[in-house]
Amino acid sequence: MSRQKNQSYKAHGLPKGKEREQRTLIRFKTTLMNTLMDVLRHRPGWVEVKDEGEWDFYWCDVSWLRENFDHTYMDEHVRISHFRNHYELTRKNYMVKNLKRFRKQLEREAGKVEAAKCDFFPKTFEMPCEYHLFVEEFRKNPGITWIMKPVARSQGKGIFLFRRLKDIMDWRKDTKNSDDQKDEIPVENYVAQRYVENPYLIGGRKFDLRVYVLVMSYIPLRAWLYRDGFARFSNTRFTLSSIDDHYVHLTNVAVQKTSPDYHPKKGCKWMLQRFRQYLASKHGPEAVETLFSDMDNIFIKSLQSVQKVIISDKHCFELYGYDILIDQDLKPWLLEVNASPSLTASSQEDYELKTCLLEDTLHVVDMEARLTGREKRVGGFDLMWNDGPVSREEGPSDLTGMGNFVPNTHLGCVNDRKEQLRQLFRSLQVQKKAPG
Amino acid sequence: MRKAQGSWEKRILKSLNSMCTELSIPLARKRPVGEQKELLNKWNEMGTDEPDLSLFRPVYAPKDFLEVLINLRNPNYENGDSLSFRTHLGLIQVPLKVKDIPELKECFVELGLNTGQLGIDDSTQVPPELFENEHVRIGQKVLVQQDSAAAQQYIRQGSPTALRAELWALILNISSQPEDILYYEQLKTNVIQHDLLVDSLIYKDVKLTASNDDYYFVFEDYLYQVLLCFSRDTSVLSHFAYNSASPPKSYIRGKLGLEEYAVFYPPNGVIPFHGFSMYVAPLCFLYHEPYKLYQIFREMYVRFFFRLHSISSHPSGIVSLCLLFETLLQTYLPQLFYHLREIGAQPLRISFKWMVRAFSGYLATDQLLLLWDRILGYNSLEILAVLAAAVFAFRAVNLMEVTSLAAAEAVLADLSTLKVMPLLQIFLFATVT
């Protein structure tokens, strides 16, 4: 019986044919001392190695990667938590470049409408090399607000808003004359980005969404979307009149923590389920479906834009933290992609979310070689892209009726991961015992 | 009952007045123009204000109120000295008539096992064709017809998220006419022009409760906009016609005792207590224009919430709810009840705060809204007592093992994961009685 070619039966990246070696002991290494350490230590059969010991799994930080990846030999089964040149996606200036190039390519191949699907990134110019292009755009749109962001820093450091060219002239002078610029540190790159002036507000406050995407390989592209995430609220009310007020505009928890209004008990976060329910009760389920499917589009297109550039080493996987901003027309904008999303918990609820996220990440990475490779869901992760879109429907998808295609994403939906994992592992055990 | 309510009111008022004299703050004063302008500018972000509230104390907290209720006695009722198994072992000693489970089953027939419910039959395992789709369709029809009675009947099975705001407005007969909007604006002007001592109590309550809540903190500003206006709304006084309570009175300075100079204080006759703002917080989820939010809250208050903090014999009054809760527990979970009583953990001491707040702040918001759907549908608060008993039944196994009040509180501290409809259904329809 020949099966119709369809995506949902493709295995998701595990070596076909040969039996994968079942490991009884997995040696892990990490330098992070937070939720991740708790999860790794509690995982049955995993032991920590310190210092120079050999490891099977390393949740490394990006600086180690930069220095050591190229001359580290890794056995076939070994896994590491970053791609060598992840910065193609996570550094703002590279991401912009890749996205612009991808957009042009799409326009050539599939037309303007398809290319317009890449318009989720506010107009961005690299400084200083695109300065003249920026000035041109600036002059075409007088009076709008722009945001200047350092390319490589995180947690909201070094960011400021401006409306006049004069403001950046002053800033350029300042940074040139700054005494504490040491010679070793290269001149920092910045990007100037159009500021989204009409963000969606809840309770008068601005917020952004943090979403987790797990990429197991780039060639072919295999990406999983986690159902949970959260909305991070700014502590103060949104108004365009106070450009200098960092606290209003930047929703990064790190910045909010220093705001005088910040009360740690509050946490300033809403789980995505809560956010999704709120929107549904205000705008109706269809509008919410559209918004979330637009967000799916952001994840896929952004990954596709760097697909050919990133070195797709089979040892690598990466858990990205996407930052999304919603505007008042319910259009999602991509703010940035983080290669090392914070795994430190800001509250009990946050701790649980991150613990489950990391547990499920390790389930998908599957060092224990338990999965068949045909799963579409593992715990809170849904397989979003498997060298092509993944359908929610079971069985061979009806490729002729493309209008009925429902993608296999459940962002902000019910996450009954415990039950799902229990059923999954039970059925895997049964399959192993069954002959043939 | 009225006597008890009267003396309770005297206590509250005394507390309020003494706070007033202690802090030398007038009960009411007109704001200077500069302050008025400032407040008007900040109207949408009053939460950013951080006035010094450290000296203000909430006038009373639910547990104070509970003590009063415990001490209620009917002077005409002779209990008899001998203990029998008919003796009520709970805290409430007033013999009001409350329903038992067979009667509740009749009353809440739409919550039965054979009827579809939102909160149960819309879960992910159930295909929407079985119940949910049809239910949504009917809901839309009801809204198109603008049939308030039909809406009330319909909502007994729960309201779809997208239709809830409109359905509640329909059931509460709220239609936002221009005069309603004007009325709200008028109240807002009153707030700007005059400052009441009660305002500080409201501020303090919001800061202590809703602002600290993981989910409701976002709506802080709306809470001020609603509650400050609410305290000046004299139309609320009309509900005292069917409330056993009476609005506290205050006298213009120097004219104590002279009725011609008596005014109701606060103007709406309702003195907020600790946790009061939690009545409003869940509504912020549904309504976003301040005047609409205000109307809905006011109507909910004068229909339901006021019964939760005044002493009366009404079946939805807090006294009856407490008695209903205790009776259900004693009759259907006698072992649990007896055990808790033995270790000094009278169940009502734990569940009282849930009922006074109509479970706001204790349940997850989506569950709370499903619960409040049924309050509107059945026009009764009895479901709060049933749910409280159902929660105890659900956690009975753990509760049987505790040996102190503190441990019992710990078992019941976190209700945020509970699904209310299955709990209610099991307790009413699936437990062997």
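These values consider heavy atoms only, across backbone and side chains, with no hydrogens, waters or symmetry-generated copies. Order of the sequence lines sets the chain letters (A, B, ...), proteins ahead of strands, with each chain counted from 1.
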note = By salt bridge (charged side-chain N to carboxylate O under 4.0 Å, His left out), D199(B) pairs with (sequence neighbours left out) R31(B), R232(B)
E349(A), part contacting chain B, at a heavy-atom distance under 4.5 Å = side chain
query = In chain order, what residues pass the ring-ring contact (aromatic ring centres under 6.0 Å, His included) check against Y216(B), with sequence neighbours excluded?
reply = none
query = Does any non-hydrogen side-chain atom of F207(A) lie less than 4.5 Å from one of V218(B)?
reply = no
key: Most chain B-contacting option - heavy-atom pairs closer than 4.5 Å, from Q277(A), H283(A), R274(A)   = R274(A)
task = Quick one: sort the Y278(A) and H288(B) rings into parallel, tilted or perpendicular, breaks at 30° and 60°.
result = perpendicular
task = Decide yes or no for Y215(B) and K269(A): does some side-chain heavy atom of the first lie under 4.5 Å from some side-chain heavy atom of the second?
result = no
request  = Enumerate by number any residue of residues 365-375 of chain B whose heavy atoms lie under 4.5 Å from heavy atoms of chain A; in the absence of such residues, state 'none'.
outcome  = T365(B), D366(B)
Heavy atoms from other residues, nucleotides or ligands near CZ of F131(B) exceed 12 (cutoff 6.0 Å) = yes
inquiry  = Which atoms of Y222(B) are under 4.5 Å from chain A, going by heavy atoms: the side chain, the backbone, both sets, or neither?
reply    = side chain
message = Can you confirm whether F217(B) sits close enough to R205(A) that some side-chain heavy atom of one is under 4.5 Å from a side-chain heavy atom of the other?
response = yes
request  = Using non-hydrogen atoms and a 4.5 Å limit, figure out which bit of E419(A) sits close to chain B: side chain, backbone, both or neither.
outcome  = side chain
note = With chain B, the option among G284(A), S281(A), A280(A) that has the most non-hydrogen atom pairs under 4.5 Å is S281(A)
task = Provide the full list of side-chain hydrogen bond (donor to acceptor under 3.5 Å, both in side chains) pairs with a residue in residues 413-425 of chain B, sequence neighbours left out, each pair given once.
result = D414(B)-S416(B)
task = Assess whether atom CD of E289(A) is packed by more than 12 heavy atoms of other residues, nucleotides or ligands within 6.0 Å.
result = no
